Amino acid sequence: MEDRKESLNFIEQIVAEDLATGKHASIMTRFPPEPNGYLHIGHTKAICINFGMTEKFGGVTNLRFDDTNPETESTEYVEAIKKDIQWLGFEWGEREYYASDYFGQLYDFAVDLIKKGLAYVDDSTSEEMAEGKGNINQPGTNSPYRERSMEENLDLFERMKNGEFENGSRVLRAKIDMSHPNLLMRDPVIYRVKKAHHHRTGDAWNIYPMYDFAHGQSDSIENITHSLCSLEFENHRPLYNWFIEQLGIYPSRQIEFSRMNVTYMITSKRRLLRLVNEGVVSGWDDPRMPTVSGLRRKGYSPEAIRTFCDKAGVSKREQTVDVGLLEECLRQHLNKTTDRIMAVLNPLKVIITNYPEDKVEDMSIVNNPEEENPTYRTIPFSRELYIEQDDFKEVKPNRKYRRLAPGEIVRLKSGYIIKCDDYVKDEETGEIKELHCTYFENSRSGSDESGLKPKGTLGWVSAKHAVKAEARLYDRLFTDPNPLGHEEDFMHYVNENSLEVLPEIMVEPSVMERSVGDRLQFMRIGYFCIDPDSTSEKLIFNRAVTLKDTWAKIQRKS
RNA sequence: AGCUUAGUCGUCCAAAGGCAAGGAUACUGGAAUUUGACUCCAGUGAUACAGGUUCGAGUCCUGUCUAAGCUUCCA
């Protein structure tokens, strides 16, 4: 059975090795979001890697909020983030932590560093510090405050804590090396005065640790074995290790992977905010947004997103994944799991002239043919139906065409075979008003004795039974696969047609039994999800993704 | 320019010095089909460049080129 070794990504190889050599008896990872924004598709990769690692190798994953900058963080984001991770299907149980829980320990760590002569209070302004930092070509210069005595540093730092100094007046810096080739090692700031209200610690603190002095130590405090983060923190690793070594605390190991970009999407918080503020989208959960909440509202399933992250893979190469892969993962999951529903987006009336006026037949139709034990429901068939406008042409365009045209026959899915005899056209507008067809009485689906072999099968809805609904057809938010890769501002590439609203589509009556968030397939059209804007009178369907359309492709080519 | 990292089919990921560089997706062609979906079959397509080590290099070494990150009291 296990004849070929499944290939592991480079992080899994490290973990497997650490487990095999006994370096660790079990592993612990963490997902450390800052609660200052909503999770997006890029975050899902980090979530899948961190939680996925312990699902695969055993061990636990902590959820830890990196809340060290009170000015931008809030509990609202905490709740939204928790909801999104849960929805993705990951659990952290009781293991919900906050960097702010460690403020006391972090303060003690800082004091310890001062006592070891490895940190000092600097009174310089931020401009002076920036100057002293040097740049990539030039070494920095030592701060005039660098050689303060330990006692003075201790006193000053405590007074910083006590709120005796104003915001920005003093910082605590690690004393490392002002000429280090890695700029982050040039005496980085580790504490700043910030008299701000914190969403959890309230007004208890007047100083807050910087990321570099909070993240690694938090990992260490929790005994995280493998701290998996994105490539942008590569430069921070020497510092991460330096603090752990100097403090003599648990040596968590940081490993970096490349973050995920997706074509036609952007994930920068600042830029997404512009889309929201400038009204390009309706909000953070607009179905066109790359946020988890947006994807969810659009109709994405957690399974599809997780499969996508899995297929995108893990490496250290810059990655831009084709959004087509995301869409394909959705199709694959929804194909297996959703019921097929009859719906007509752009209705064209069909009158079956030889079908009795008041007759209604219940036609049996399979809910989802992909199920192991398929179930069935009935849909009403009557004299007047709707079909898709696209499914009729006045003249058959070519030999490959398999839909309705004068004189042609088609199968109505799970109904009868019909023949188009005539059509009514508005000569002014050229619009086709209705079709006149005849049906073959002995061609009923399931008991077809007509011997006819129509080439095409169409979807349809009985006119008098149809439920009117709204459809929102979403397309990519940008017209360019890399909206940030140009001279012009990314707003220049916003797709003006990313949303098409169809106020009155026709759907089979069974949809009234569905509820908000339900996903289903409109036969031959695409996968849809019921939007929360729906009311009891009017359902609203968001298009999550279209079905593949080979015919459209053929037409495009000619 | 300094440091760090990375260059493999269009895209994403494999191949720990050893078969014909493999898979996914995309693309092309075909089969089947009461969804032009799904499924099935076949095909196109890559080791950045130049040297070197080796019986043998995508993999090791040297150099070149290219790309990304770092030069905020954000994370």
Side-chain angles (χ1 to χ4, degrees), chain A residues 7-9 13 32-34 36-37 66-69 71-73 99 122 124-126 129-130 133-140 167-173 180-186 188-194 207-208 210-212 214-215 229-238 256 258 260 263 269 310-329 331-332 335-336 340 342 365-366 369-370 400-403 410-415 417 445-446 448 454-459 481 521-526 546-554:
Chain A
S7 89
L8 302 175
N9 68 48
Q13 286 175 21
E34 182 187 12
N36 72 343
D66 233 331
D67 53 350
T68 57
N69 188 3
E71 284 164 342
T72 60
E73 297 155 2
D122 196 328
S124 308
T125 63
S126 56
M129 279 182 46
K133 192 135 196 174
N135 58 47
I136 51 178
N137 294 315
Q138 291 196 323
N167 287 355
S169 61
R170 282 185 168 83
V171 295
L172 184 71
R173 302 176 73 177
H180 196 107
N182 180 343
L183 292 272
L184 284 162
M185 298 295 274
R186 322 245 260 228
V189 172
I190 58 180
Y191 261 99
R192 74 278 216 194
V193 175
K194 194 181 280 271
I207 55 172
Y208 291 94
M210 298 289 289
Y211 165 83
D212 284 305
H215 190 87
C229 62
S230 52
L231 240 34
E232 56 202 296
F233 295 101
E234 221 159 24
N235 296 337
H236 294 249
R237 179 154 32 89
E256 313 85 13
S258 58
M260 178 166 69
T263 57
K269 197 181 304 165
D310 192 46
K311 289 192 174 184
V314 180
S315 72
K316 299 185 83 153
R317 291 173 65 174
E318 190 89 356
Q319 85 175 171
T320 303
V321 188
D322 192 336
V323 71
L325 182 63
L326 212 210
E327 294 169 346
E328 184 54 20
C329 290
R331 287 191 193 98
Q332 284 177 8
N335 176 48
K336 296 288 181 203
R340 274 57 169 169
M342 289 286 207
I365 184 167
V366 65
E370 297 282 333
K400 285 189 166 180
Y401 184 78
R402 309 185 195 160
R403 302 178 185 183
V410 293
R411 157 74 64 185
L412 294 176
K413 171 74 182 176
S414 296
I417 294 171
S445 180
D448 185 0
K455 289 209 199 79
T457 303
L458 305 186
Q521 184 196 98
F522 284 171
M523 183 102 57
R524 299 208 316 143
I525 298 171
T546 60
L547 249 37
K548 278 189 203 162
D549 191 345
T550 317
W551 175 241
K553 200 182 283 182
I554 293 169

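All values derive from a computational prediction rather than experimental measurement. Throughout, protein chains are lettered first and strands after them, A, B, ... in sequence-line order, and every chain is numbered starting at 1.
Among the heavy atoms of the strands, none lies under 4.0 Å from A/S230. In this structure, A/R237 reaches neither bases nor backbone, as no heavy-atom distance under 4.0 Å exists between it and the strands shown. Counting non-hydrogen atoms under 4.0 angstrom, A/F233 reaches a base of the nucleic acid. Residue contacts shown for A/M523 include a base, since a base heavy atom lies under 4.0 Å away. Here A/Q332 lies in heavy-atom contact (under 4.0 Å) with sugar-phosphate atoms only. Heavy atoms of A/G168 sit under 4.0 angstrom from at least one base atom.
With distances taken from any side-chain atom of A/L184 to the nucleotides B/rU25, B/rC38, B/rC70, the minimum falls on B/rC70. In this structure, the nucleotide among B/rA75, B/rA37, B/rU71 sitting nearest to the side chain of A/E232 is B/rA75. Side-chain proximity of A/Q13 to the nucleotides B/rU5, B/rA15, B/rG36 is greatest for B/rA15. The side chain of A/R402 sits closest to B/rG36 out of B/rC73, B/rG36, B/rC70. Picking from B/rG2, B/rA37, B/rU25 the nucleotide with the shortest atom distance to the side chain of A/N137 gives B/rG2. In this structure, the nucleotide among B/rU25, B/rC74, B/rA14 sitting nearest to the side chain of A/S315 is B/rA14. Listed nucleotides B/rC70, B/rU25, B/rU35 differ in distance to A/K413; the shortest reach to its side chain belongs to B/rU35. Listed candidates were B/rC74, B/rA14, B/rC12. Nearest to the side chain of A/R192 is B/rC74. The side chain of A/N235 lies closest to B/rC70, out of B/rC3, B/rA26, B/rC70. The side chain of A/S7 has B/rA14 as its nearest neighbour among B/rA37, B/rA14, B/rA26.
Of the nucleotides present, B/rG23 is the one that pairs with B/rC12 by Watson-Crick or G-U wobble criteria, both distances under 3.5 Å. The nucleotide B/rG2 finds its pairing partner in B/rC70, both defining distances of the Watson-Crick or G-U wobble pair being shorter than 3.5 Å. A 3.5 Å limit on both hydrogen-bonding distances identifies no Watson-Crick or G-U partner for B/rG56. Remark: B/rA50 base-pairs with B/rU62; criterion is Watson-Crick or G-U wobble with both hydrogen-bond distances under 3.5 Å. Shown here, B/rG45 forms no base pair; nothing in the strands shown gives a Watson-Crick or G-U wobble contact with both key distances under 3.5 Å. Here B/rG36 sits opposite no nucleotide as a Watson-Crick or G-U wobble pair (both hydrogen-bonding atom distances under 3.5 Å).
Here the NE2-CE distance, from A/H215 to A/M210, works out to 14.5 Å after rounding to the nearest 0.5 Å. Taking CG of A/N135 as the reference point, atom CZ of A/R186 lies at 7.0 Å (rounded to 0.5 Å). Between the CZ atom of A/R331 and the CD atom of A/E327 there is a distance of 6.0 Å, given to the nearest 0.5 Å. Here the straight-line distance linking atom CD of A/Q319 with atom CE of A/M260 works out to 6.5 Å at 0.5 Å rounding. Between A/I207 atom CD1 and A/K194 atom NZ the span is 12.5 Å, to the nearest 0.5 Å. The structure places NZ of A/K413 at 5.0 Å from CE of A/M523, a figure rounded to the nearest 0.5 Å.
For B/rU11, neither phosphate oxygen OP1 nor OP2 lies less than 4.0 angstrom from any side-chain nitrogen or oxygen of A/T263. Between A/K316 and B/rA68, a side-chain N or O to OP1/OP2 separation shorter than 4.0 Å is absent. Within the structure, a side-chain polar atom (N or O) of A/K194 is placed less than 4.0 Å from OP1 or OP2 of B/rC74. At B/rU34, none of the side-chain N or O atoms of A/S414 fall inside 4.0 Å of OP1 or OP2 (strictly under the cut-off). A sub-4.0 Å separation between OP1 or OP2 of B/rC27 and a side-chain N or O of A/K553 is present.
Nearest-nucleotide positions on RNA chain B for A/D66 and A/L8 put A/L8 closer to the 5' end. Each of A/S258 and A/K336 lies near RNA chain B, and the nucleotide nearest A/S258 is the one positioned closer to the 5' end.
Between the side chain of A/N182 and the main chain of A/N235, a donor-acceptor pair closer than 3.5 Å is present.
The P atoms of B/rU54 and B/rA16 are separated by 22 Å, rounded to the nearest whole Å. Across the P atoms, B/rU71 and B/rU64 are found 26 Å apart, a figure rounded to whole Å. Across B/rC40 and B/rA32, the matching C1' atoms stand 8 Å from one another, rounded to whole Å. Atom P of B/rU25 sits at a distance of 8 Å from the matching atom of B/rU39, rounded to the whole Å. For the C1' atoms, the distance linking B/rC38 with B/rC74 amounts to 48 Å, nearest Å. One C1' atom belongs to B/rG36, the other to B/rG29, and the distance between them is 16 Å to the nearest Å. With P as the reference atom, B/rC3 and B/rG22 are 38 Å apart, rounded to whole Å. The same atom, P, is picked in B/rG45 and in B/rG51; the two are 25 Å apart, to the nearest Å.
Checked by distance alone, A/R524 brings no side-chain donor or acceptor within 3.5 Å of a matching partner on the base of B/rU35. In this model, a side-chain donor or acceptor of A/S445 finds a partner on the base of B/rU34 within 3.5 Å. In this model, no side-chain donor or acceptor of A/E256 finds a partner on the base of B/rU5 within 3.5 Å. Between the side chain of A/D549 and the base of B/rG36, no donor-acceptor pair under 3.5 Å is found.
No aromatic stack links A/Y211 and the base of B/rA75, using centre distance under 5.5 Å and interplanar angle under 30°.
Shortest non-hydrogen contact noted between A/E34 and A/D66 is CG-O, 3.4 Å.
At a threshold of 4.0 Å, the pair A/K316-A/E234 counts as salt-bridged, since one of the basic side-chain nitrogens sits closer than that to a carboxylate oxygen.
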